[in-house]
There are 2 protein chains.
Amino acid sequence: MSTVIDPISRPARSTQLRPREVAERIKQYILHNRLKPGDALPTEAELCAAVGASRSSVREAIRILTALDIVEVRHGYGTYVGKLSLAALVESLTFRGLLSRDDDFRVLAELIEVRQTLEQGLASAITSALDQDLHRELSRLADQMDERARAGQTFIEQDREFHLLLMRPLGNELVAQLTAAFWDVHAIVAPALHTTPASVRETVAAHHAIVEALFTRDLDRFTEAIAAHYAPVRRHLKENRGL
Amino acid sequence: MSTVIDPISRPARSTQLRPREVAERIKQYILHNRLKPGDALPTEAELCAAVGASRSSVREAIRILTALDIVEVRHGYGTYVGKLSLAALVESLTFRGLLSRDDDFRVLAELIEVRQTLEQGLASAITSALDQDLHRELSRLADQMDERARAGQTFIEQDREFHLLLMRPLGNELVAQLTAAFWDVHAIVAPALHTTPASVRETVAAHHAIVEALFTRDLDRFTEAIAAHYAPVRRHLKENRGL
DNA sequence: CGGGATTTGTCCGTATGTATC
DNA sequence: TGATACATACGGACAAATCCC
C-alpha cells in the first residue's frame, strides 16, 4: 500500500470521539489510495498500529462505516471497501416511517409525494430515452401484475422491477438507487396498505396506463397515470388520518 | 420502562452477527415503547443485561445506530433516541461523490439532475402555497447574494437558506431534509466549482429570476430559472468531462 | 480431506474522562 | 467542591470463520 495512515498526529485532546476519528482516517485512506468497492483494506491489527488506537476503537469505527456501506467485513477473511449503496438511507428512513406509523403515517405520505414528483418530473427524459425493448419489458410486467392480481396473488416483485425499469433509460445511478430505496421504505412501512380488491385493480390499471402513455409518448397522460398510481394509497392515508 | 428486551431468545447460532442483532433489538425497543427523539434509553450496562451481550457488542450496536442518527450518545450522561435526520445519507453520498470526483464528477452530475427535478417538479405546489412573508425573505436572500457577490464574497449560507426556504411552504419534512442533504453533499463534493466571475453573476441572476417567477406565479419562467441556476455547474462538469 | 495460519467475532477486567447533582 | 453514575478507551484472551497448503 502506498499511503500510510500517520499514527497519532494530534497532540492530545480532540472534540471528536475516538471511533469517529478513526473512521475519518479510514475514509481518508480509501480516498487517498483511490480504492474502489471490493478492494481490500488493512487488517484490524494493521489499522490499530497505523492509527494508534486500540482494537475496540478500530472495530467501532468499522461498524460505523459498515452501517454506511462504506466498508464491508467478511468474517475470518478481511475488510473491504463497501458497495456504497444507499442502505443507510433505507434503514434510517424505514425506522422513521415505522415510528410515525402508529400516529398518522406522516412519513409515508411525504414519501409518496417525493416518489410521485421524481417520476413525473423525469417523465420527458424517460420518454425521450426509452427504447423498444424496455417498453416491451414494462408492458410484460404490467401484464404479469394483471394476471397475479386476478389470481388473488401479490405482485410486489413486479411492482418494484417496474418502477426501477422506468428510471433505467436515464442512466442516472443516483436516481435508480433513490427509487429503489424509496420503494423499499414504502414496502416496509406500508406492507399491505392498498389491498382492497378495488384498490388493487386501480393500481394495476395505472401501470397499464403508464405503459400506454409511454408508447404514445403522451406526457400529460403519463403524468395523470402516475398520479392515479398513487391515488389509492393517498386515499387510504386520508381515511386513516384521524386514527 | 414497560417493555423489556428479552434476553437471548434464539437458541444457538444465527446468521446475524451480534452487534447487528443487538441494534435490531434496540430499534424494536424504541418502537415498542413508542419513544420519540430525545427520550432516554437504558444505560449500556442495562442493555447488556437485557440483551445478554457483552459491552463491546452493545457499544458496537450503539455505534451503528448513532451513524444512522437513530440513537444519540451524550458522553458521561446517557444514550437517547436520535434526531432521525438524514445525516447518514449525507455522509454516504458525500463519500461516493468524493470517490468519483477524481474521475468525472459522475455523482455530482447525477445529484444536480435530482435537485433540479425536485425543485421543478414541486414548482406548482410551491407557488400555490407560498405566502408573502416567505416571498419577501427569499427576495432578501437574493439581494444579499447580490451584494456579497459584488463585494467578492461567497454566499453559501444564503444559497443554502434560499433553497431550504423554497421548499418550506410544502410542509413536507422529508422534502426539506432531502433538499438540505443534497445541498450539503453538493457543497462538500464541489466546494468551489462555479467560482468564475461570470458563473457567479449567472447564479445570482438565476436566484433573482426564481424570486421574480414566484412573484408572478409563472410556472414556465420558474422552471427556466431553476434550469438556469444549475446551468453553470453543468457547463463546468461538461468541460471537465474528459480529464 | 485435514490441519495450520490468518483474520474477524466476542467477552472480560480495568482505568480514565465527563456530566450531573 | 465532592460524590455518583455514566460513557470512553485500552489490552488481553479465547472462539469462530475462512483460506491455503
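For clarity, every value in this text was computed on a predicted model and none was experimentally measured.
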Under 4.0 Å, counting only non-hydrogen atoms across every strand here, what does A:Ser57 touch: a base, just sugar-phosphate, or nothing? sugar-phosphate
Among all residues two or more places apart in sequence or in another chain, which pass the salt bridge (Lys or Arg N to Asp or Glu O under 4.0 Å) test with A:Glu24? A:Lys27
If we ignore angles and hydrogens, is there a donor and acceptor under 3.5 Å between the side chains of A:His163 and A:His229? yes
Show each protein N/O and nucleotides 5-8 of chain D N/O combination with a separation under 3.5 Å, one pair to a line.
{"residue": "D:dA7", "atom": "OP1", "partner": "B:Glu44", "partner atom": "N", "Å": "3.4"}
{"residue": "D:dA7", "atom": "OP2", "partner": "B:Glu44", "partner atom": "N", "Å": "3.1"}
{"residue": "D:dA7", "atom": "O4'", "partner": "B:Gly76", "partner atom": "N", "Å": "3.3"}
{"residue": "D:dT8", "atom": "OP2", "partner": "B:Arg59", "partner atom": "NH1", "Å": "2.9"}

Separation of C:dT6 atom C1' from A:Leu47 atom CG, nearest Å, is 15 Å
Would you kindly give the CD-to-P distance between B:Glu60 and D:dA9, to the nearest whole Å? 13 Å
Using whole Å, report how far CZ of B:Arg20 lies from C1' of C:dT10. 17 Å
Considering residues at least two apart in sequence or located in another chain, which fulfil the ring-ring contact (aromatic ring centres under 6.0 Å, His included) criterion with A:Phe162? A:His207
Among all residues two or more places apart in sequence or in another chain, which pass the ring-ring contact (aromatic ring centres under 6.0 Å, His included) test with A:His75? none
With sequence neighbours left out, write down each residue that passes side chain to side chain contact (heavy atoms under 4.5 Å, CB included) with B:Leu164, or none if nothing qualifies. B:Arg160, B:Thr179, B:Ala180
Among residues at least two apart in sequence or on other chains, which ones pass salt bridge (Lys or Arg N to Asp or Glu O under 4.0 Å) with A:Arg74? none
